[in-house]
Amino acid sequence: MRELFHEILSSLRNNKLRTALTGFAVSWGIFLLIALLGAGNGLMNSFMGNMDSFISQTVNVEGWYTSEPYAGYQANRKIELTEKDVAYTAGKDWDGIIYDVSRTTQGRSDTLSLNGITVSAYIEGVTPEYQEKNKIRMAFGRFINKADLEEMRKVAVIPMDHAKELSPKNPEEIIGRWVNASGVAFKVVGISHQDERDWRRLTAIPYTTYKGLYDASDKVESITFSLNGPKTLQEHLAFEEEYGSALKRRHDIAPTDDRGLWIMNGYKENLQMNKASSIIRIALWILGILTLISGIVGISNIMLITVKERTHEFGIRKAIGAKPRSIMTLIIAESVTITGMFGYIGMLLGMVACQVMEMTVGQHKVDLGMEQIQMLVNPSVGVDVALEATLLLIVAGTIAGAIPAWKAAKVKPIEALRAE
């Protein structure tokens, strides 16, 4: 083994330029793979992290306008959900499947005023679960709580845009102040970032308060709930079909009418996002491996040239008793040494590049109008992935050296000794 190691080092020293060029191809291939995977992971982390603010792991149901006449009703009929639909959703028919059912009121446009300053607002009655299910981020204060609901408190959570308009110098000062909405005073208990995602710029008040002040009917704007059971996309689609059909029958909507009810399944969207993420990561691996192939082809070509240059040497070795296996071992070992050594260098440089990306591009944000998002979030690859990629390269180097090694082993001594 020691003799083999010395032979390999001697060959590499005697062919420095060839070794350097081959090593560069290998390092460049593994460097691009690590950097590409790191950048891809950074983009996916940024994308998934920001989409998490939009995709909720809940199902939201709203009534809409029918597109077909049915059961004596004309098309374009407005479907209005009621408390009976809420009770049905939370009832025994869906026991063990649907849980944590909540609802919102239909909402109303109004004007909020404070110290002579007014803003146009959209007021909606909500329950405490609304915050988590709709990814509401609080800037200051708190959201609607259970006590607000039970005591029908006149409290409100307003969006940051309204707070800035009502108190331009210090929006936080509005917390604890009373704003007027058409003669009704509401105490501001929280300021949210809801305005960044909702064009309505929602002002939230307790559901019971809204019903007591503005709407004594049993109508609801939307029903929101969590699921326990469906796991796959097919199972979620089947649930939507079954649940949607049940609500259609309750409201005399045609079974083929896809507009009468609007069902937004956050679970399904999350599954689709995860699937898309997996496809993108696979695509990045494919691109990286294709890059590696160019380095592998270069190794194979260099080793073929090496075999041709050393044909005379191999002839002498075989003439004095060297076995074909020893010659094959020498060529393959040299190929593996080059790929392993320079592959490791490329891996380290690739990981350094990931750190550089995080300190430079990763610190920049892109303005999407609604909010700013970070371009790259943790653009890196795990050490295990880097080692796997390097191991893959070494295996590829072995395969790349196998063909030239087989060719060298097949050389007949007499023909090799004649070679110049």
Side-chain angles (χ1 to χ4, degrees), residues 48-67 78-107 124-137 143-144 146 149 192 194 197-200 202 204 206-207 210-211 218-277:
M48 295 301 292
N50 286 285
M51 285 305 296
D52 184 60
S53 298
F54 295 87
I55 297 179
S56 174
Q57 292 278 34
T58 57
V59 179
N60 190 73
V61 184
E62 293 184 15
W64 199 238
Y65 292 89
T66 60
S67 60
K78 178 68 169 71
I79 301 300
E80 295 180 313
L81 301 177
T82 67
E83 290 287 352
K84 291 182 179 179
D85 295 312
V86 178
Y88 167 73
T89 302
K92 62 181 181 179
D93 289 348
W94 305 102
D95 188 31
I97 300 176
I98 293 177
Y99 67 98
D100 198 17
V101 180
S102 63
R103 71 280 203 201
T104 63
T105 61
Q106 292 187 342
E124 192 171 276
V126 304
T127 59
E129 296 82 7
Y130 186 90
Q131 179 183 11
E132 180 180 353
K133 292 180 178 180
N134 291 274
K135 305 294 183 181
I136 305 299
R137 294 179 293 114
F143 197 70
I144 304 299
K146 186 177 180 180
L149 213 64
S192 72
Q194 173 70 12
R197 304 190 305 279
D198 195 333
W199 62 271
R200 299 176 304 173
L202 175 67
Y207 181 88
Y210 186 98
K211 282 294 184 179
D218 66 344
K219 297 176 183 178
V220 300
E221 174 70 12
S222 66
I223 302 172
T224 306
F225 53 85
S226 300
L227 282 177
N228 179 31
K231 302 298 181 184
T232 65
L233 179 59
Q234 290 72 23
E235 290 175 347
H236 279 281
L237 292 175
F239 166 79
E240 284 186 26
E241 178 64 26
E242 184 179 1
Y243 177 77
S245 297
L247 284 189
K248 286 179 180 179
R249 289 192 297 270
R250 293 174 62 84
H251 290 273
D252 293 321
I253 303 173
T256 56
D257 192 336
D258 294 328
R259 283 181 49 195
L261 288 174
W262 183 72
I263 300 178
M264 195 282 288
N265 190 337
Y267 292 88
K268 183 179 70 176
E269 293 189 8
N270 190 60
L271 287 172
Q272 292 172 332
M273 287 298 302
N274 289 336
K275 183 178 180 180
S277 175

Exercise. Between Ile253 and Leu247, is any pair of side-chain heavy atoms under 4.5 Å apart?
Worked result: no

Exercise. Counting distance only, does the side-chain N/O of Lys248 pair as donor-acceptor with the main-chain N or O of Gly260 below 3.5 Å?
Worked result: no

Exercise. Judged by atom type as modelled, is there a donor-acceptor pair below 3.5 Å linking the side chain of Asp257 to the main-chain atoms of Ser67?
Worked result: yes

Exercise. Does the side chain of Lys133 come within less than 4.5 Å of Asp100's, by heavy atoms?
Worked result: yes

Exercise. Would you call His236 and Leu227 a side-chain contact if the rule is heavy atoms closer than 4.5 Å?
Worked result: yes

Problem set entry | Side chains of Glu129 and Val101 in contact at under 4.5 Å (non-hydrogen atoms) | no

Exercise. How far does OG1 of Thr66 sit from CD1 of Ile79, to the nearest 0.5 angstrom?
Worked result: 5.5 Å

Exercise. Would a 4.5 Å heavy-atom cut-off, applied to side chains only, mark Val220 and Tyr207 as touching?
Worked result: yes

Exercise. Which value, rounded to the nearest 0.5 Å, describes the distance between Gln131 atom CD and Arg137 atom CZ?
Worked result: 11.0 Å

Problem set entry | Nearest heavy atoms of Ala204 and Ile144, plus distance in Å | O-CD1, 3.9 Å

For this session: Hey, could you give me the NZ/CD1 distance between Lys268 and Ile263, rounded to the nearest 0.5 Å?
Result: 8.5 Å

Exercise. What closest approach, in Å, do Thr104 and Ser222 show between heavy atoms, and which atom pair accounts for it?
Worked result: OG1-OG, 2.7 Å

For this session: Write down the atom of Phe239, the atom of Pro230, and the distance for their closest heavy-atom approach.
Result: CB-CG, 4.2 Å

For this session: Kindly compute the distance separating CZ (Arg250) from NZ (Lys84), expressed to the nearest 0.5 Å.
Result: 8.0 Å

Problem set entry | Lys211 to Thr105 - nearest heavy-atom pair and separation | CE-CG2, 4.2 Å

Exercise. How long is the span from the OG1 atom in Thr58 to the CD1 atom in Ile223, to the nearest 0.5 Å?
Worked result: 13.0 Å

Problem set entry | NZ (Lys92) with more than 12 external heavy atoms under 6.0 Å | no

Seminar exercise, completed: Partner of Arg103 under salt bridge (charged side-chain N to carboxylate O under 4.0 Å, His left out), picked from Glu221, Glu83, Glu62, is Glu83

Exercise. Would you say the side-chain atoms of Thr224 and Ser102 include a donor-acceptor pair closer than 3.5 Å?
Worked result: no

Exercise. Can you check side chain to side chain contact (heavy atoms under 4.5 Å, CB included) on His251 and Leu81, steps first, answer last?
Worked result: CA-CA 9 Å; His251 290 273; Leu81 301 177; 3.9 Å; yes

For this session: With Phe225 as reference, evaluate Trp94, Tyr243, Tyr99 under the ring-ring contact (aromatic ring centres under 6.0 Å, His included) test and give the passing residue.
Result: Tyr243

Seminar exercise, completed: dist Thr256:OG1 -> Asp258:CG (nearest 0.5 Å) comes out at 7.5 Å

For this session: Using modelled atom types only, decide if a donor and an acceptor are shared between the side chain of Tyr210 and the backbone of Gly107 within a distance under 3.5 Å.
Result: yes

